[in-house]
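Counting starts at 1 for both ligands and their atoms, in listed order.
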Amino acid sequence: MAPPLLNDRFLRACRREPVDRTPVWFMRQAGRYMAEYQAIRKNHSILDVCKIPELAAEVTLQPIERFPLDAAIIFADILLPLEPMGLNLSFVEDKGPVIANPVRSGDDVARLKVVDADAFRFSYEAVALTIKQLAGRVPLIGFAGGPFTLASYAIEGGSSRSYITTKRFMYSNPKQWHALLEKFADVVTNYLLNQIRAGVQAIQLFDSWVGCLAPRDYEEYALPHVTRIIDRLRPEGLPIIYFGTGTSTLLPLMKKAGSDVVGLDWHVELDEAWARLGYDVAVQGNLDPVVLYAPVEEIDKRVKDILERAGQRPGHIFNLGHGILPQTPVEHVDAAIASVHKYGQVGS
Ligand code: CP3
């Protein structure tokens with residue numbers, strides 16, 4: 001049995017229920033900006049940390065011990081499913097993820113295995129252990145990559161600026177494209193259902209790179225597959241967050257995927273984006289992560305601005321507009337959270 005939850009601010013905000021103050025967590029809150037994380041990474045690769053439940057749990061807890069955050073996110077990576085599906089994944093220093101045998105043809109798509117949930121046993125063990133160690137302090141978020149974003153790594157063979165190879169595949173082989181995204185959607189659905197069984201209390205889908213698509217292409221080539229995942233998670237009854245970057249013109253379409261919360265980046269002003277989305281969905285965001293490099297006075301000003309734009313309407317979760325960057329000073333993270341506490345009080 002999971003211990004009773006002592007802080008449910010984050011879950012309440014996901015459901016657009018009233019809270020005493022705006023909840024706050026940061027994407028990639030466990031990471032290289034923390035000395036505690038670097039100490040572990042000195043002796044273990046990123047894949048080791050993901051796959052050894054004791055390490056994954058320890059790293060997940062690090063930001064919770066250090067900062068007064070309102071949610072934890074399980075330490076893992078969106079690219080983990082690629083390996084058991086048959087793609088040879090490694091993380092190369094200063095280069096990021098590399099897939100040695102990228103997907104370039106219909107045959108490559110056919111060869112990809114729709115692995116069952118057993119492939120990620122280590123993840124569920126990490127979730128169960130983390131839930132135990134959190135002892136109800138804050139809820140735990142599980143996550144996976146969106147089908148488009150996973151496909152972009154599988155096809156490009158790593159990170160990309162322009163997604164030319166991905167789009168060329170998509171436009172030239174629409175049938176195989178959809179077959180590929182269906183495979184990712186099925187694997188991700190099972191993976192997330194089992195994270196839920198293991199105890200996570202909310203889910204975030206990171207579709208980080210859908211912003212490279214024209215709205216009509218997003219609607220045709222990406223949206224149906226995200227919708228498929230969310231439709232199958234919906235009956236579980238826990239909050240689902242759907243996040244992407246560069247999504248300003250995609251927001252109304254992204255809402256159609258059916259998540260409870262839409263993650264916003266900093267290319268939109270929170271009040272305008274929320275008005276366009278409609279207030280029947282919660283929003284998360286949206287401070288530019290680079291603002292955390294600025295002097296604390298600037299951080300304070302920018303946090304205040306975002307919270308004023310949210311206007312104490314129920315259903316805003318404070319976050320960055322993308323993952324926290326490695327060079328972020330930890331004291332600036334303290335400052336940002338203090339500013340959220342200061343300006344995010346309901347009735348202030
Ligand atoms: O939020 C958290 O604290 C949980 C951990 C988490 C990681 N990756 C660990 C990680 C999460 C939520 C992710 C998601 C992820 N991974 C995304 C979506 C979010 C986003 O940033 O858009 C993407 C695109 C990836 C793929 C990925 N993983 C890349 C491109 C890289 C290399 C780039 C980089 O920042 O170094 C990774 C490696 C990675 N995953 C790191 C961490 C903490 C840094 C690696 C390290 O410790 O050496």
Side-chain angles (χ1 to χ4, degrees), residues 24-51 55-67 69 71-83 87 89-99 123 126-127 130 138 140-154 156-161 163 166 184 188 191-192 195 200 202-212 241-247 263-266 284-285 288-290 317 319-328 333:
V24 50
W25 72 279
F26 297 121
M27 291 183 276
R28 299 254 190 134
Q29 64 192 20
R32 286 168 296 188
Y33 74 105
M34 290 186 78
E36 298 90 323
Y37 175 84
Q38 281 176 346
I40 297 227
R41 282 280 282 106
K42 234 168 65 203
N43 301 315
H44 302 277
S45 72
I46 165 105
L47 286 173
D48 276 353
V49 183
C50 294
K51 289 180 184 173
L55 291 180
E58 181 176 349
V59 167
T60 301
L61 267 291
Q62 285 174 345
I64 303 304
E65 309 283 0
R66 175 68 180 73
F67 308 107
L69 294 160
I73 178 164
I74 189 67
F75 192 83
D77 196 89
I78 63 161
L79 301 182
L80 290 178
L82 300 187
E83 260 194 321
L87 296 170
L89 168 73
S90 52
F91 286 94
V92 179
E93 197 65 41
D94 300 323
K95 195 159 172 230
V98 175
I99 291 114
S123 259
V127 166
T130 304
V138 291
L140 181 64
I141 304 167
F143 72 90
F148 175 86
T149 298
L150 292 176
S152 79
Y153 282 101
E156 300 288 338
S159 300
S160 173
R161 227 169 241 273
Y163 302 95
T166 304
F184 283 130
V188 160
Y191 179 42
L192 290 174
Q195 290 185 41
V200 300
I203 289 290
Q204 176 156 328
L205 268 176
F206 285 90
D207 219 349
S208 305
W209 311 130
V210 286
C212 74
I241 308 166
Y242 182 38
F243 165 79
T245 65
T247 56
L264 303 173
D265 82 358
W266 63 94
Q284 174 177 277
D288 181 346
V290 179
I317 298 134
N319 205 311
L320 304 175
H322 202 175
I324 197 163
L325 293 162
Q327 300 87 349
T328 305
V333 176

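From the protein, the heavy atom lying nearest to atom 36 (O) of ligand 1 is Arg32 NH2, 2.7 Å. Of all protein heavy atoms, the one closest to atom 28 (N) of ligand 1 is Asp77 OD1, 2.6 Å. Looking at atom 14 (C) of ligand 1, its nearest protein heavy atom turns out to be Ile78 CG2, 3.7 Å. Nearest protein heavy-atom contact of atom 42 (C) of ligand 1 is Ile46 CD1, 3.6 Å. Annotation: atom 37 (C) of ligand 1 to nearest protein heavy atom, Phe91 CE2, 3.4 Å. Scanning all protein heavy atoms for the shortest distance to atom 48 (O) of ligand 1 gives Arg41 NH2, 2.5 Å. Taking atom 20 (C) of ligand 1 as the reference point, the nearest protein heavy-atom neighbour is His322 NE2, 3.0 Å.
Atom 26 (C) of ligand 1 lies below 4.0 Å from at least one non-hydrogen atom of the protein.
Close approach to Gln29 involves these atoms of ligand 1, each under 4.0 Å from a residue heavy atom: 1 (O), 2 (C), 3 (O). Taking a cut-off of under 4.0 Å to the non-hydrogen atoms of Pro97, the atoms of ligand 1 that pass are 29 (C), 30 (C), 31 (C), 32 (C). Residue-ligand proximity, Phe206 to ligand 1, at heavy-atom distances under 4.0 Å covers atoms 12 (C), 18 (C), 19 (C).
Rounding to the nearest 0.5 Å gives a distance of 13.0 Å between OH of Tyr33 and CD of Gln327. Between atom CG of residue Asn319 and atom CG of residue Leu264 there is a gap of 10.0 Å, rounded to the nearest 0.5 Å. Separation of atoms CG (Leu150) and CG (Leu79) is listed at 7.0 Å; rounding is to 0.5 Å. Distance check, rounded to the nearest 0.5 Å: CG of Leu140 to CG of Leu61 gives 9.0 Å.
Contacts with ligand 1 closer than 4.0 Å are made by backbone heavy atoms (N, CA, C, O) of Ile74 only, the side chain lying farther away. Contacts between Ala76 and ligand 1, counted as non-hydrogen atom pairs separated by less than 4.0 Å, involve the backbone only. Neither the backbone nor the side chain of Phe26 has any atom closer than 4.0 Å to an atom of ligand 1 (non-hydrogen atoms only).
Under 4.0 Å is where a charged nitrogen must lie from a carboxylate oxygen, and between Glu83 and Lys51 at least one such pair does.
In terms of polar-atom proximity, defined here as any N/O pair under 3.5 Å, Trp25 makes no such contact with ligand 1. Of the N or O atoms in Ser159, none lie within a sub-3.5 Å distance of an N or O in ligand 1. Checked by distance only, ligand 1 and Ser208 come closer than 3.5 Å through their nitrogen or oxygen atoms. An N or O contact shorter than 3.5 Å links Arg28 to ligand 1 by distance. Between Tyr37 and ligand 1, an N or O atom pair is found at a separation short of 3.5 Å. Polar contact check, Ala30 against ligand 1: a nitrogen or oxygen pair lies under 3.5 Å apart.
For the pair Gln284 (side chain) and Ile241 (backbone), a donor-acceptor distance under 3.5 Å is absent. The main-chain N or O of Ser208 is found under 3.5 Å from a side-chain atom of Thr245 such that the two form a donor-acceptor pair. Side-chain N or O atoms of Arg28 include none that pairs as donor or acceptor with a backbone N or O of Gly31 at under 3.5 Å. No side-chain donor-acceptor contact under 3.5 Å links Thr328 to the backbone of Ile324. Under a 3.5 Å cut-off, the side chain of Thr130 and the backbone N or O of Ala126 do form a donor-acceptor pair.
For Gln62 and Gln29, the side-chain atoms include no donor-acceptor pair closer than 3.5 Å.
Assignment of Phe243 to the shell around ligand 1 is not supported, since no heavy atom sits closer than 4.0 Å.
The residue among Tyr153, Tyr33, Phe143, Phe75 with a heavy atom at the shortest distance from atom 11 (C) of ligand 1 is Phe143.
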Criterion side-chain contact (heavy atoms from CB on, under 4.5 Å) on Asp207 and Tyr242, from CA distance to verdict: CA-CA 7 Å; Asp207 219 349; Tyr242 182 38; 2.8 Å; yes
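Here the two rings, on Phe75 and Tyr37, have centers that are under 6.0 Å apart.
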